[in-house]
J.: 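Pasting in a structure now, in structure tokens, and then I'll have a few things to ask.
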Amino acid sequence: MSETKTPALQYRFDGPEDAPVLILGPSLGTTWHMWDRQVPELTQQWRVFRFDLPGHGGAPAYPAGSVAELAERLLVTLDGLGVQRFGYAGCALGGALGIELALRHPERIASLALIAASPRFGTADEFRQRGVIVRTNGLDPIARTSPDRWFTNGFAAAQPAITEWAVQMVRTTDPGCYIAACEALASFDVRAQLAGVAVPTLVLVGSDDQVTGPAEARTLVAGIPDARLAVVPGASHLVPVEQPAAVTDLLVRHFSTAWQPAFDSTTGQMAIVAAPVKPVLAPVPSQPAPIAEIAPAAVPQQTTPGRADPYDAGIKVRREVLGDAHVDRALAQADDFSGDFQELITRYAWGEIWGRPGLDRRARSCVTLTALVAGGHLDELAFHTRAALRNGLTPGEIKEVLLQAAVYCGVPAANSAFKVAQKVIREETTPEE
């Protein structure tokens, strides 16, 4: 581990020391072993660098709450090893990390492959809800259902050893780091920035992926200039595990033919070369033939910089605390009579007060719950109990807040509050089967 303030990542190298570096980034809940079956062939041409996310695979548990922070830790690790330029392939969260690197540090990436990736992963509510489940119940419920998200039914039934391996990978992850990674995915949204990805890019997806499927892959291809799409039949979310030969073949073909030349620091320029001929993707023996197709690039969106408005910050905080679904309902119900009030609370309650740095969101949730008990505002107590869980309070801590409120706000008020909070906590912390 690095001695710097930014923790380095747990990593390993495979392959010849003098070969160009190819980085393989893991998915949430997995370890670098998800790439084991790609390594033997990839190391014939590249020095393969694999890493574990914080708290995964026995890595030190230093939570990272954003994709940008994960990118910084990866670069710190690579800088310490003297690796300046590399190809990068990442799966799901690892793919988000690749997009972040391509947008913020394009000089470091020679070529990019995005696997089971998306410019926005589901909704923020879904990942923050998953964090609530883990905080309350631990990782076992998530671990038990991971094969359903990661593999097709036929593969899971035919490969019980791999299915159990997948469950154990999640089960042995540090819960705090898993929750932080969920928060990183909840806040990741680069839909408006895809045109800024200027490195050769392959977008690869399993045809049966129900998490980030072909629709999300086509969004990436439409937004990233000159990106190519490969759909692997008979595969779900962890396509490198389920269809290893097909994925390996696609990666070899992509990185062999699309490796952007390095920036020349002596001239201040980068050589421009003709685009490589797109290869015909041949079938892999005993594997379904990958399908490659090209989608048009999106027109870059133009934005006009302006002075920060408390409303802009407020709507962001309001969505993070209360959830997109709640905020969308409130805004949709606003009309000429109530619209000004919605703008008022977004700008001042959420932009000016909830956005202040003096208290963290856990503390603000404690204060808010107490005030709502005192005022008897049970409807708002319900959605602020949900917000408190999302802000990191456990059910036990919410109970302590309500017990404290019983002393200072009155037993009848606390009695009503306990009924409301109990119902919400049961709904929010019961894992789906």
Side-chain angles (χ1 to χ4, degrees), residues 9-12 22-39 41-42 46 48-54 56-57 59 64 67 70-71 74 86-102 109 111-122 127 146-147 149-152 155 162 165-166 169-170 173 178 181-182 184-185 188 190 197 201-214 216-217 219-221 224 227-232 234-252 254-255 290:
L9 298 174
Q10 179 170 282
Y11 68 90
R12 67 172 290 166
L22 176 59
I23 297 177
L24 303 178
S27 174
L28 172 62
T30 72
T31 71
W32 65 42
H33 290 294
M34 68 164 285
W35 297 103
D36 280 352
R37 295 182 68 182
Q38 279 72 46
V39 169
E41 187 165 345
L42 293 179
W46 294 280
V48 174
F49 176 97
R50 289 182 284 172
F51 64 92
D52 280 327
L53 297 168
H56 291 58
V67 174
L70 285 171
L74 177 58
F86 47 84
Y88 184 95
C91 182
L93 176 54
L97 183 50
I99 299 173
E100 178 74 17
L101 290 169
I109 297 187
S111 192
L112 179 66
L114 305 175
I115 302 167
S118 176
R120 181 176 187 240
F121 290 78
F127 281 100
S146 289
R149 294 188 298 273
W150 287 355
F151 306 127
T152 60
F155 179 87
I162 293 179
W165 162 79
M169 269 197 305
V170 180
T173 299
Y178 189 96
C182 287
L185 286 172
F188 182 77
V190 293
V197 177
T201 302
L202 171 69
V203 178
L204 193 158
V205 65
S207 63
D208 300 332
D209 189 344
Q210 301 300 311
V211 181
T212 48
E216 287 81 4
T219 300
L220 287 170
V221 172
I224 298 173
R228 297 184 302 130
L229 174 64
V231 181
V232 179
S236 187
H237 193 56
L238 278 195
V239 57
V241 176
E242 190 161 5
Q243 294 287 356
V247 170
T248 302
D249 179 67
L250 287 163
L251 293 181
V252 169
H254 173 66
F255 288 110

J.: Measure across I99 and S118 and return the closest heavy-atom pair with its distance rounded to 0.1 Å.
T.: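 What the structure gives for the nearest pair is CD1-O, 4.2 Å.
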
J.: Just by modelled atom types, is the A117 backbone N or O under 3.5 Å from a matching donor or acceptor in the E216 side chain?
T.: no

J.: T173 and G29: which non-hydrogen atoms are nearest, and at how many Å?
T.: OG1-O, 4.2 Å

J.: Counting distance only, does the side-chain N/O of Y178 pair as donor-acceptor with the main-chain N or O of L28 below 3.5 Å?
T.: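 Here the side-chain-to-backbone pair does not exist.
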
J.: So does D209 pair up with R149, basic N to acidic O under 4.0 Å?
T.: no

J.: If we ignore hydrogens and angles and just use 3.5 Å, is the side chain of D52 paired with the main-chain N or O of Q10 as donor and acceptor?
T.: no

J.: Report yes if some heavy atom in the side chain of P244 is under 4.5 Å from a heavy atom in the side chain of Q38; otherwise report no.
T.: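 Side chain of P244 against side chain of Q38, heavy atoms only: contact under 4.5 Å found.
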
J.: In Å, rounded to the nearest 0.5 Å, how long is the span from SG of C91 to CE of M34?
T.: 4.0 Å

J.: What heavy-atom pair brings A227 and V203 nearest, and what distance separates the two atoms?
T.: CB-CG2, 4.5 Å

J.: Are F86 and F49 close enough that their ring centers fall under 6.0 Å?
T.: no

J.: Rounded to the nearest 0.5 Å, what separation is found between the CG atom of L42 and the CG atom of L24?
T.: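 Going from CG on L42 over to CG on L24, the span is 6.0 Å.
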
J.: Among residues at least two apart in sequence or on other chains, which ones pass ring-ring contact (aromatic ring centres under 6.0 Å, His included) with F127?
T.: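 Residues passing ring-ring contact (aromatic ring centres under 6.0 Å, His included) with F127: none at all.
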
J.: Taking side-chain contact (heavy atoms from CB on, under 4.5 Å) as the definition, give me every residue that meets it alongside A184, ordered by chain and number, with sequence neighbours left out.
T.: V67

J.: Report yes or no: does T201 contribute a side-chain atom to a donor-acceptor pair with the main-chain N or O of V197 at less than 3.5 Å?
T.: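 Between the backbone of V197 and the side chain of T201 there is no qualifying donor-acceptor contact (under 3.5 Å).
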
J.: Does the side chain of L53 reach to within under 4.5 Å of the side chain of P26, using non-hydrogen atoms?
T.: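 A side-chain contact exists here, since the closest heavy-atom pair is under 4.5 Å.
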
J.: Any chance the side chains of T30 and H56 put a donor and an acceptor closer than 3.5 Å?
T.: no

J.: Checking side-chain polar atoms at under 3.5 Å, does T152 have a donor or acceptor matched by the opposite partner on E242?
T.: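 Note: T152 and E242 side chains meet the donor-acceptor criterion.
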
J.: Begin from the C-alpha positions of F51 and L70 and carry the test side chain to side chain contact (heavy atoms under 4.5 Å, CB included) through to its verdict.
T.: CA-CA 11 Å; F51 64 92; L70 285 171; over 6 Å; no

J.: Please examine the side chains of V231 and L229, heavy atoms only from C-beta on, and report whether any two atoms are closer than 4.5 Å.
T.: yes

J.: For A217 and V205, work out which heavy atoms get closest and say how close.
T.: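 Reported closest heavy-atom pair: CB-CG1, 3.7 Å.
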
J.: So do the side chains of F121 and V211 get within less than 4.5 Å of each other, counting heavy atoms only?
T.: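 In short, these two side chains do not touch, never coming nearer than 4.5 Å.
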
J.: Nearest heavy-atom pair of G234 and D208: which atoms, and what distance?
T.: CA-OD2, 3.9 Å

J.: Can you measure from CH2 (W150) to OG (S27) and round to the nearest 0.5 angstrom?
T.: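 So the gap between those two atoms works out to 6.0 Å.
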
J.: Report yes or no: does S111 contribute a side-chain atom to a donor-acceptor pair with the main-chain N or O of G87 at less than 3.5 Å?
T.: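 Such a contact is absent between S111 side chain and G87 backbone.
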
J.: Would you say the side-chain atoms of H254 pair up with the backbone N or O of L112, donor to acceptor, closer than 3.5 Å?
T.: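 Side chain of H254 to backbone of L112: a pair is present.
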
J.: Find the distance between CG (L93) and OG1 (T212) and round it off to the nearest 0.5 Å.
T.: 11.0 Å

J.: Would H237 and F151 count as a side chain to side chain contact (heavy atoms under 4.5 Å, CB included) if you check the C-alpha gap in whole Å, the side-chain angles of each, and the deciding distance to 0.1 Å?
T.: CA-CA 6 Å; H237 193 56; F151 306 127; over 6 Å; no

J.: Evaluate V241 against W165 for side chain to side chain contact (heavy atoms under 4.5 Å, CB included), listing each step before the verdict.
T.: CA-CA 11 Å; V241 176; W165 162 79; 4.0 Å; yes

J.: Between R50 and W32, is there a donor-acceptor pair closer than 3.5 Å when you use the side chain of the first and the backbone of the second?
T.: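 Confirmed, R50 side chain pairs with W32 backbone.
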
J.: Could you give the distance from CD1 (I115) to CG (L251), rounded to the nearest 0.5 Å?
T.: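 Answer rounded to 0.5 Å: 5.0 Å.
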
J.: To the nearest 0.5 Å, what is the distance between CG on L114 and CG on L204?
T.: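 Going from CG on L114 over to CG on L204, the span is 9.5 Å.
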
